[in-house]
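These notes concern the structure reproduced below.
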Amino acid sequence: MAPQRRAAPRGPESGGTAAGPDRGGRRPHSSAKKSRDQQESRWRWLKAAFLLSAAALGGVLSWSYLSAEDGVTEVLARHSESLQDKFVEIPCSEDYDSHKRFEGCTPRKCGRGVTDAVITREEAERIRRIAERGLSLGGSDGGASILDLHSGALSLGKHFVNLYRYFGDKIQDIFTEEDFALYRDVRLRIQQRIAQAFGISSASMYLTKPTFFSRINSTEAKTTHDEYWHPHVDKVTYGSFDYTSLLYLSDYTEDFGGGRFVFMDAGSNKTIEPRAGRVSFFTSGSENLHRVEKVHWGTRYAITISFTCNPDHGIGDPVLM
C-alpha cells in the first residue's frame, strides 16, 4: 500500500498560517492568534513593570547610599523653628589635656547648643549690613570671603589685605561707632550664654583670634582658603580655641541652598540649619568634629566668635581707627 500523505505539522511560531489544511480542511481558529497576542502583551507589560521597579529600587538604593555617605541622619535645629534653648552634653575629648588647663574655664563639661533667644533677627540684619559694607571693599575670587574687624584682614582676590591700612581714612565712611558698639554688645551676650550653658564664669573667657565674618556663595574655589567644606576640629586648627560660636546672618532655603553646619558624629551626624539671629555654640575639641556643606546657590553670611581660657591668647574688641 502506498503511504498516505499527511498534513505538515504546525509549529508554535506559525501565527495561525499553516503550511496546509487541518484534518477538517479548515484554517486554524482566530482565537489562537488572540491568545498568543494577549500573552505577548502580558509579557511586555510585565517587562515594563519590572524595569520600572528596578529603576525605582535603584533610586532608593542610590538615595540611601548618598545619605549614608553624607552621614546626615538628624536635624538638631531646623530653620523653620524658633528655639529658646537647646543643649546636648557629650563626653569631652582628650584635646584639652595637651594644653595648659585653667580651672573654672577649660572644658570639663562638653557639648553643643543652639538658641534663637539671644540675638534678634533685627539685630542680625544690622550686623549683616556691617559685613556687607566691609566685604564690598574686597572679596575673594573664590566662593568664600572673610572680614576680620579685629585684625583688619579682608579677602581681596586670591589674597588678604589689612583694610585699615589699605583703605585708611575711607574706613570712617564704611563703619560707624554704632556698628562697633553693636558688635561688642552681641559678642558679650553670646559669651554670657556660653558661660551659662557650660557652668563657668564669663569673666574667665577671653575673645580670641580668629573671629571673623564669612560670606559664602557657590563660586568655584580658587585657592585653599576658599575650601571651607573640609571636616576639621577647631582646637586642632587653632590651639587657643576652647569654645566656638557662630551667629548666622541669613536664612537657609531662603537666602541660600546647602551651607548647613554638620557635626560629624559616629553613625549619627547632626545638622544645624542656619537662621538669621540663630547662635550655635560648642566646645572646640575633637568631640565636635564638624564641617559646612557646600553652598549650592545664594549667599550665606555668618560670624564666627571664638573664646579661649588662656588670657595670653585673648584679644580686644575691635575699635574704629
Side-chain angles (χ1 to χ4, degrees), residues 118-192 206-228 238 244-252 254-256 259 274-279 292 295 297-307 313-321:
V118 174
I119 309 300
T120 68
R121 290 180 66 84
E122 187 272 334
E123 288 169 330
E125 176 61 29
R126 289 169 59 195
I127 289 284
R128 174 174 166 168
R129 286 197 293 269
I130 297 172
E132 289 173 335
R133 292 198 303 273
L135 287 163
S136 70
L137 298 172
S140 170
D141 287 344
S145 300
I146 72 162
L147 167 65
D148 184 337
L149 292 179
H150 302 264
S151 69
L154 171 69
S155 299
L156 186 65
K158 294 182 175 64
H159 307 283
F160 296 93
V161 297
N162 185 310
L163 81 164
Y164 298 121
R165 287 200 292 264
Y166 196 84
F167 295 99
D169 293 340
K170 292 181 181 179
I171 293 299
Q172 303 285 342
D173 300 325
I174 303 297
F175 304 120
T176 67
E177 289 289 357
E178 289 75 15
D179 292 335
F180 281 59
L182 175 62
Y183 184 96
R184 290 190 294 269
D185 181 55
V186 165
R187 185 273 305 163
L188 179 60
R189 278 185 275 159
I190 291 173
Q191 181 173 341
Q192 291 171 339
Y206 302 88
L207 193 64
T208 194
K209 61 181 180 181
T211 286
F212 57 92
F213 288 106
S214 60
R215 182 185 69 192
I216 304 175
N217 58 37
S218 59
T219 304
E220 182 181 355
K222 299 298 190 296
T223 72
T224 55
H225 296 296
D226 299 319
E227 297 180 8
Y228 56 86
Y238 310 105
T244 306
S245 69
L246 293 105
L247 168 60
Y248 298 107
L249 306 175
S250 48
D251 293 305
Y252 172 67
E254 295 181 22
D255 298 314
F256 62 91
R275 167 188 167 101
R278 171 166 288 170
V279 176
V292 174
V295 170
W297 59 267
T299 305
R300 176 191 190 269
Y301 283 90
I303 178 170
T304 299
I305 304 176
S306 46
F307 298 96
H313 295 304
I315 62 173
D317 286 309
V319 294
L320 192 58
M321 298 181 180

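FYI, side chains are in, hydrogens and waters are out, and symmetry mates aren't considered; it's all heavy atoms of this structure. Bear in mind the structure is a predicted one, so any value in this text is a computation, not a measurement.
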Side chain to side chain contact (heavy atoms under 4.5 Å, CB included) evaluation trace for Ile127 with Ile119: CA-CA 10 Å; Ile127 289 284; Ile119 309 300; 5.9 Å; no

Evaluation steps, salt bridge (charged side-chain N to carboxylate O under 4.0 Å, His left out), between Asp179 and Arg133: CA-CA 11 Å; Asp179 292 335; Arg133 292 198 303 273; 2.4 Å; yes

Test log, rule side chain to side chain contact (heavy atoms under 4.5 Å, CB included), inputs Leu207 and Phe307: CA-CA 5 Å; Leu207 193 64; Phe307 298 96; 3.9 Å; yes

Worked check of side-chain hydrogen bond (donor to acceptor under 3.5 Å, both in side chains) between Ser306 and Thr244: CA-CA 5 Å; Ser306 46; Thr244 306; over 6 Å; no

Residues Thr299, Phe256; criterion side chain to side chain contact (heavy atoms under 4.5 Å, CB included); working and verdict: CA-CA 5 Å; Thr299 305; Phe256 62 91; 5.8 Å; no

Evaluation steps, side chain to side chain contact (heavy atoms under 4.5 Å, CB included), between Phe180 and Ile130: CA-CA 9 Å; Phe180 281 59; Ile130 297 172; 5.9 Å; no

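Listed by first then second residue, pairs satisfying ring pair (Phe, Tyr, Trp, His ring centres under 6.0 Å) with a partner in residues 126-157 read His150-Tyr183, not counting sequence neighbours.
In this structure, OH in Tyr164 is found 4.5 Å from CG in Leu149, a value given to the nearest 0.5 Å. Here the OG-CD1 distance, from Ser151 to Ile146, works out to 7.0 Å after rounding to the nearest 0.5 Å. From Asp226, atom CG reaches atom CG of Asp141 across 8.0 Å, with rounding to the nearest 0.5 Å. Atom-to-atom distance recorded for Phe213:CZ and Leu135:CG is 8.5 Å, nearest 0.5 angstrom.
Nearest approach of Ile190 to Leu247, heavy atoms of both residues: CD1-CB, 4.3 Å. Closest heavy-atom contact between Ser245 and Ile305: OG-O, 2.7 Å. The minimum heavy-atom distance linking Ala124 with Gly277 is given by the pair CB-N, 3.4 Å. Scanning both residues, Leu147 and Phe175, for their nearest heavy atoms gives CD2-CZ, 4.4 Å. Nearest approach of Tyr248 to Arg300, heavy atoms of both residues: CE2-NH2, 3.3 Å. Nearest heavy atoms, Ser250 versus Arg128: CB-NH1, 3.4 Å.
Other residues, nucleotides and ligands contribute at most 12 non-hydrogen atoms within 6.0 Å of the OH atom of Tyr166. A 6.0 Å sphere centred on OH of Tyr238 holds no more than 12 heavy atoms belonging to other residues, nucleotides or ligands.
A donor-acceptor contact shorter than 3.5 Å links the side chain of Asp255 to the backbone of Asp251. Listed for the Lys222 side chain is a donor-acceptor partner under 3.5 Å among the backbone atoms of Glu220. With hydrogens and angles disregarded, a donor-acceptor distance shorter than 3.5 Å links the side chain of Ser145 to the backbone of Ser140. Under the 3.5 Å distance criterion, the side-chain polar atoms of Gln172 are left unmatched by any main-chain donor or acceptor of Asp169. Side-chain atoms of Arg189 come within 3.5 Å of backbone N or O of Val118 as a donor-acceptor pair.
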Using atom types as modelled, flag every donor-acceptor pair under 3.5 Å from a side chain in residues 313-321 to any protein atom, sequence neighbours excluded.
from, atom 1, to, atom 2, distance (Å)
Asp317, OD1, Arg187, NE, 3.1
Asp317, OD1, Arg187, NH2, 3.4
Asp317, OD2, Arg187, NH2, 2.6

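Within the 4.5 Å cutoff, the side chain of Asp148 has no heavy atoms near those of the Phe160 side chain.
For Glu125 and Arg129, the salt-bridge test passes: some basic side-chain N is under 4.0 Å from an acidic carboxylate O.
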